[in-house]
Amino acid sequence: MAFTTHDLAALPEFNALVRGEKAPLEGVFCCDLLSLVISRAQDNCVWITVMGHVNTVAVATLRDLPAIVVAEDMPVDTEMVEAARREGIWIYTTALPVFKAALAIHEAISHAL
Amino acid sequence: MAHSEQSMKVSYTVLPDDFMRAGEASGALKKLLKELGFPSDTVRRCAIATYEGEMNMVIHAQGGVVEAIITPDTIELELRDTGPGISDIELAMTEGYSTASDAVRDIGFGAGMGLPNIQKYSDRMSLTSEVGVGTTLRMTIRSG
Ligand SMILES: Nc1ncnc2c1ncn2[C@@H]1O[C@H](COP(=O)(O)OP(=O)(O)O)[C@@H](O)[C@H]1O
Ligand SMILES: [Mg+2]
């Protein structure tokens, strides 16, 4: 396993709010439109959004996405936290904006290869 | 499900205006298909199509029913609601067309990609609707 959900939790800019299983993270997908995420996210990617609500967990679950990053320190609903715990999906928060968060994770993934 | 005669019918209720539980029907069906051992591409296409259909029943109608008939090589889905119906189906199928409210758009829905996604990821779809009566969406996902 190259870069994993555990490695992301260890990056200083990212805070693991909900921990799930150890899983590989192979890429990054950034989007806030749920129809695009559900149809176009690559398998095993980490999804970066600014939406901290429960519907993101439903989409991640349906596509088996292991991890959601909520960027820009946007608030995360308690329903989202509970759903993520139930489904075993990681939630990370970060103060970084979407692009910088994506770049940081992309660099970490490339480094780990 | 080793024999082609085998079939299984499941149904799920979708509650109106329940954005907290929206996606539960699609999620339950997806888990079932995975357990039954369907290939990941089949599961993925079915998950996308049912989620879009389920969300339409939550957003645009007053909930409804999802029914699936599962055989080893196909999943037949029927999503029925008694919502407002669709007056112009061709227009509704146009990518980017949406009547979703701003509040719904603010939480990431209303891209006008739901019905086009369903068409793209299912092997066959049919949408029938009567204004004031309701909408029925049928789709077939072939496996393998
Ligand atoms: N079950 C339904 N009942 C009533 N109207 C619907 C239903 N499904 C879809 N529609 C109409 O078709 C439009 C397009 O649907 P869709 O492609 O899923 O986009 P979106 O849901 O993002 O608006 C909706 O905005 C709505 O006007
Ligand atoms: Mg829709």
Side-chain angles (χ1 to χ4, degrees), chain A residues 18 20-21 23-24 26-27 29-72 74-91 98, chain B residues 12 14-15 17-34 38-56 58-60 66 93 95-98 100 103-122:
Chain A
V18 176
E21 298 274 292
E26 294 166 358
F29 190 83
C30 306
C31 189
D32 299 314
L33 282 179
L34 299 173
S35 282
L36 275 176
V37 179
I38 197 162
S39 61
R40 305 219 184 136
Q42 318 91 287
D43 289 341
N44 303 319
C45 72
V46 48
W47 170 22
I48 307 182
T49 175
V50 292
M51 298 189 302
H53 63 70
V54 69
N55 294 284
T56 57
V57 176
V59 167
T61 305
L62 282 163
R63 282 301 316 279
D64 290 324
L65 303 181
I68 303 171
V69 172
V70 180
E72 298 268 17
M74 292 298 276
V76 177
D77 293 352
T78 45
E79 290 87 356
M80 178 176 175
V81 170
E82 282 162 16
R85 284 210 181 101
R86 212 166 45 235
E87 299 293 342
I89 290 174
W90 290 75
I91 301 177
V98 172
Chain B
Y12 307 95
V14 177
L15 300 172
D17 287 320
D18 194 345
F19 283 91
M20 289 303 158
R21 295 182 55 189
E24 275 188 6
S26 327
L29 179 63
K30 181 215 156 200
K31 280 193 180 114
L32 175 64
L33 296 177
K34 254 183 135 171
F38 278 96
S40 60
D41 173 66
T42 307
V43 177
R44 183 178 60 91
R45 290 190 298 118
C46 193
I48 297 169
T50 40
Y51 182 69
E52 293 288 9
E54 178 178 359
M55 290 320 304
N56 281 352
V58 174
I59 296 168
H60 307 295
V66 175
M93 291 290 304
E95 191 159 327
Y97 175 82
S98 175
V104 164
R105 285 168 200 263
D106 283 348
I107 54 169
F109 298 102
M113 285 183 61
L115 295 174
N117 265 352
I118 290 167
Q119 179 145 57
K120 182 168 174 200
Y121 292 98
S122 65

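The structure displayed is predicted, hence computed values, not measured ones.
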Q | Heavy-atom proximity to chain A below 4.5 Å, by part of Tyr121(B) | A | side chain
Between atom [atom1] of [X] and atom [atom2] of [Y], what is the distance when rounded to the nearest 0.5 Å?
{"X": "Glu87(A)", "Y": "Lys31(B)", "atom1": "CD", "atom2": "NZ", "result": "3.5 Å"}
{"X": "Glu52(B)", "Y": "Leu34(A)", "atom1": "CD", "atom2": "CG", "result": "8.5 Å"}
{"X": "Asp43(A)", "Y": "Asp41(B)", "atom1": "CG", "atom2": "CG", "result": "9.5 Å"}

Atom of [X], atom of [Y] and distance for their closest heavy-atom approach:
{"X": "Arg63(A)", "Y": "Ile48(B)", "value": "CD-CG1, 4.4 Å"}
{"X": "Gly114(B)", "Y": "Ser35(A)", "value": "N-OG, 4.1 Å"}
{"X": "Asp106(B)", "Y": "Met51(A)", "value": "O-SD, 4.2 Å"}

Q) Pick from Val54(A), Leu62(A), Thr61(A), Val37(A): which one has the most heavy-atom pairs with chain B under 4.5 Å? A) Leu62(A)
Q | Region of Asn55(A) that comes under 4.5 Å of a non-hydrogen atom in chain B | A | both
**Q.** Proximal component of Asp77(A), with respect to chain B [non-hydrogen, under 4.5 Å]
**A.** neither
Q.
Can you confirm whether Asp64(A) sits close enough to Lys34(B) that some side-chain heavy atom of one is under 4.5 Å from a side-chain heavy atom of the other?
A. yes
Q: Mark yes when over 12 heavy atoms from residues, nucleotides or ligands other than Glu26(A) sit less than 6.0 Å from its CD; otherwise mark no.
A: yes
Q | Heavy-atom pair count under 4.5 Å with chain A, highest-scoring of Met113(B), Arg44(B), Lys30(B) | A | Lys30(B)
